[in-house]
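Taking it in order: structure first as C-alpha cells, then the write-up.
All heavy atoms count here, side chains included; hydrogens, waters and symmetry mates do not. The structure displayed is predicted, hence computed values, not measured ones.
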Amino acid sequence: MKTVTVGIIGAGFASKFHCRSFSRVAGINVRVKSIADVDAGKASAVATEFGLEEFHNDCTALLDDPEIDVIDICTPPFLHPGMTMEALAAGKHVICEKPLTGYFGAPGDETPIGDRVPKSVMYDKVLGDIRNLGKVVAESNRLFMYAENYVYSPNILKAAEIIRARKSRILFMKGEESLKGSTSPVAGRWDRTGGGSLIRVGCHPIGGILWLKREEARARQTSIGIRSVLCDTARMTPSLSDHERRHISVRPEDVEDFASLVLTFTDGTRAVVIAGDTMLGGTRNYVEVYANDAVMLCMITPSDNLSTYMLDEEGMDGVYISEMLPAKTGWQKPFVAEEHLRGYVGQFQDFMECAATGRKPLSDLEIACDVARVIYGAYLSAEQGKRVDF
C-alpha cells in the first residue's frame, strides 16, 4: 500500500493532538512530512517534538509540494473555509478541524460583531459558504474529511452497530459537552471563534447525534433530515464578581457561555444538546440514545473504568487526570486511553485508510455542513426567540 504523506497547517494544540494520533495509525504507511504556521517558532517546535522533516512559515510550501497527499487544517476557525478550498484546488485531500465554517466578521461590521451583527446575516453567510464548499469538493475529485471525533468514539460506533443490527428507530437523543471554560485567550470573541460554547464544544454532540441519525436512516433504507431547531443561549458569567467566577475560565465578550437546543428531525423525533462553559468538575462528554427497542448511554468522558481517591497531590505534578480539572484530590475518574475513548485514534485511522484507498470517511462533508447549519440556525433561533425551519 502506498505511503500517505501529510502536511499540517497550524501549529497549535490541535496539531500536537493530530501528530500523536497519526503515530498510532496501523496498517497504513503514514509520513507526516511538514508543518506550516505564521509563527515559525511554533512550527519548528512541533516539527522537533514529533520528528517532522520540515517546517515553514507559509502554507504555500505545503500546497506546492507534490509529495503531500493530505493537508490537515489545524488553524483558527476563521481560516477553515479559505484554506479548505485552496488545498482542494492544489489537488490535496483535506482534513479540516471543526467547525467547517462560521461568521467571523465582514468589512463595515459594527463591533463587537456578536452583539451588533444580526444572526440572520450570519446564517445567510454560512449557508453561502456551505454551498460554495460543496461545489468545490464535488469538482475536486478529492476527499474532504471532517475532524469530528465523537463519530469515532468507541461508544458511538458501538451504538451505531446496534442500531444497524436491530434496525432500531431512534426516538430521542440527548448530548452534552460542558466544562469550566477555555484556555484560549480569544474564546470570548465572536470574530475569532464564530460564537461561544455552542460552536466551540456543542459542535461535538451535535455531530455525533446527526451521524447516528444518518446511520439509522441508512440501516432502514430511508431518508431522515433536519426539520427545525429551537435554541436558547445565555451569557451568564459577566454577572459574577471576579471572586465569584474565580474557578471559571471563560471571559465572554460577545459570545454565549451556555446554550441549549432542541433538534426536530423530519420523522418527528427529537434531540436535545447542551453546551456550557459554566460547569465545574472537569469535562463532561456524552450522547444518550433512546430507541424503540434499546437504550444506549454513550459516556465518552469521564468513563467508569478507573476511579481514584487522594488526600493530596504529592508526586502528581506530571500526571494528567482530566481536561479542565483544577485539583486531583478526593474521588476522581481519570481519563484512561483518552485518545481512543474520545475517538481521535479511530478518526485518523479512518482518514488515512480513506486517503490510501479512496473510500469515503465516516465523518464527511455532509456532517460538517449539517453541523454548521444547525449551529447558525440555533443562533438565529435564540436571537428571534422562535423555531427556525430548514
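K98 places a side-chain heavy atom less than 4.5 Å from the side chain of C203. Contact annotation: the side chain of D37 never approaches that of F55 to less than 4.5 Å [non-hydrogen atoms, C-beta and beyond]. Looking only at side-chain heavy atoms (C-beta outward), I248 and M279 stay at 4.5 Å or farther from each other. I162 is not listed as a side-chain neighbour of V289, based on a closest heavy-atom distance of 4.5 Å or more. Put simply, the side chain of Q384 reaches to within 4.5 Å of the side chain of L380, judged on heavy atoms. When side chains are defined from C-beta on, I68 does not count as touching V6, because their heavy atoms never get closer than 4.5 Å. Taking the side chain as every heavy atom from C-beta outward, K360 and C354 never approach each other to under 4.5 Å. A heavy-atom distance below 4.5 Å is found between the side chains of R200 and D277.
A donor-acceptor pair shorter than 3.5 Å cannot be found between the side chains of S260 and D232. Between the side chains of H340 and E338, no donor N or O sits under 3.5 Å from an acceptor N or O. Using modelled atom types, one finds no donor on one side chain facing an acceptor on the other under 3.5 Å when comparing D124 with Y103. When only modelled atom types and interatomic distance are considered, E256 and T233 share no side-chain donor-acceptor pair under 3.5 Å. Side chains of T237 and D257: a donor on one and an acceptor on the other come within 3.5 Å. E288 and Y286 share no donor-acceptor pair across their side chains, judged by distance under 3.5 Å alone. In the model, T264 has a side-chain atom that pairs as donor or acceptor with a side-chain atom of R270 under 3.5 Å.
Surrounding CD of Q221 are at most 12 heavy atoms belonging to other residues, nucleotides or ligands under 6.0 Å away. Shown here is R251, whose CZ atom has more than 12 heavy atoms of other residues, nucleotides or ligands within 6.0 Å. For F13, the CZ atom is loosely surrounded, since the number of other residues' heavy atoms within 6.0 Å does not exceed 12. The 12-atom threshold is not exceeded at NZ of K174, counting heavy atoms of other residues, nucleotides or ligands nearer than 6.0 Å. For N292, the CG atom is densely surrounded, since the number of other residues' heavy atoms within 6.0 Å is greater than 12.
Under a 3.5 Å cut-off, the side chain of E177 and the backbone N or O of R284 do not form any donor-acceptor pair. Looking at S168, its side chain never comes within 3.5 Å of a backbone N or O of I170 through a donor-acceptor pair. S140 places a side-chain N or O within 3.5 Å of a backbone atom of V137 that can act as its donor or acceptor partner. The main-chain N or O of G7 is never found under 3.5 Å from a side-chain atom of D72 such that the two would form a donor-acceptor pair. For E54 (side chain) and S34 (main-chain N/O), no donor-acceptor pair under 3.5 Å exists by modelled atom type. Side-chain N or O atoms of E313 include none that pairs as donor or acceptor with a backbone N or O of A327 at under 3.5 Å. Between the side chain of H80 and the main chain of T75, a donor-acceptor pair closer than 3.5 Å is present. When atom types are taken as modelled, the side chain of S184 and the backbone of V186 share a donor-acceptor pair closer than 3.5 angstrom.
The cluster map of Ile, Leu, Val, Met, Phe, Trp and Tyr, joined by side-chain heavy atoms under 4.5 Å apart, puts L143 and V151 in the same cluster. Hydrophobic cluster membership differs between L230 and V273, with clusters built from Ile, Leu, Val, Met, Phe, Trp and Tyr side chains linked at under 4.5 angstrom. Side-chain heavy atoms closer than 4.5 Å link hydrophobic residues (I, L, V, M, F, W, Y) into clusters, and following such links, possibly through other members, connects L127 to I375. One hydrophobic cluster, built from ILVMFWY side chains closer than 4.5 Å, cannot hold both V272 and M299; they sit in different ones. When hydrophobic clusters are built by joining Ile, Leu, Val, Met, Phe, Trp and Tyr residues whose side-chain heavy atoms come closer than 4.5 Å, directly or via intermediates, V38 is not grouped with L79.
Aromatic ring pairs are classed by plane angle as parallel below 30°, tilted from 30° to 60° and perpendicular above 60°; the pair Y309 and W331 is tilted.
Taking H204 as the reference, Y150 meet the ring pair (Phe, Tyr, Trp, His ring centres under 6.0 Å) condition, with sequence neighbours excluded. Contacts of Y152 classified as ring pair (Phe, Tyr, Trp, His ring centres under 6.0 Å), with partners at least two apart in sequence or in another chain: F351. Partners of F78 by side-chain contact (heavy atoms from CB on, under 4.5 Å), not counting sequence neighbours, listed by chain and number: P76, F104, R192. Legend: residues meeting ring pair (Phe, Tyr, Trp, His ring centres under 6.0 Å) with F22, ordered by chain and number and at least two apart, are F348. Contacts of S153 classified as side-chain contact (heavy atoms from CB on, under 4.5 Å), with partners at least two apart in sequence or in another chain: N155, I156, I300.
T101 and I130 make their closest contact through CG2-CG1, 4.4 Å (heavy atoms, listed as atom of the first residue, atom of the second, distance).
By the 4.0 Å N-to-carboxylate-O rule, R342 lies close enough to E323 to be salt-bridged with it. By the 4.0 Å N-to-carboxylate-O rule, E161 lies close enough to K158 to be salt-bridged with it. A salt bridge links R164 to E215: at least one charged side-chain nitrogen sits closer than 4.0 Å to a carboxylate oxygen. Under a 4.0 Å N-O distance rule, the pair R227/D389 does not qualify as a salt bridge.
Of the candidates V250, L325, L280, T283, L280 is the only one forming a side chain to side chain contact (heavy atoms under 4.5 Å, CB included) with K180.
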| field | From CA spacing to verdict: side chain to side chain donor-acceptor pair (under 3.5 Å), K33, T5 | value | CA-CA 6 Å; K33 179 181 179 182; T5 303; over 6 Å; no
Report task. Kindly determine whether R359 and D350 satisfy salt bridge (Lys or Arg N to Asp or Glu O under 4.0 Å), including the steps that lead there. Result -> CA-CA 10 Å; R359 70 167 173 81; D350 182 44; 2.8 Å; yes
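A cation-pi arrangement is found for R20 relative to F17, the charged atom lying closer than 6.0 Å to the ring centre and inside a 45° cone about the ring normal. Figure legend: cation-pi geometry between K213 and F265, with NZ or CZ positioned under 6.0 Å from the six-membered ring centre and within 45° of its axis.
Sorted by first and then second residue, the salt bridge (Lys or Arg N to Asp or Glu O under 4.0 Å) pairs involving residues 41-50 (not counting sequence neighbours) form an empty list.
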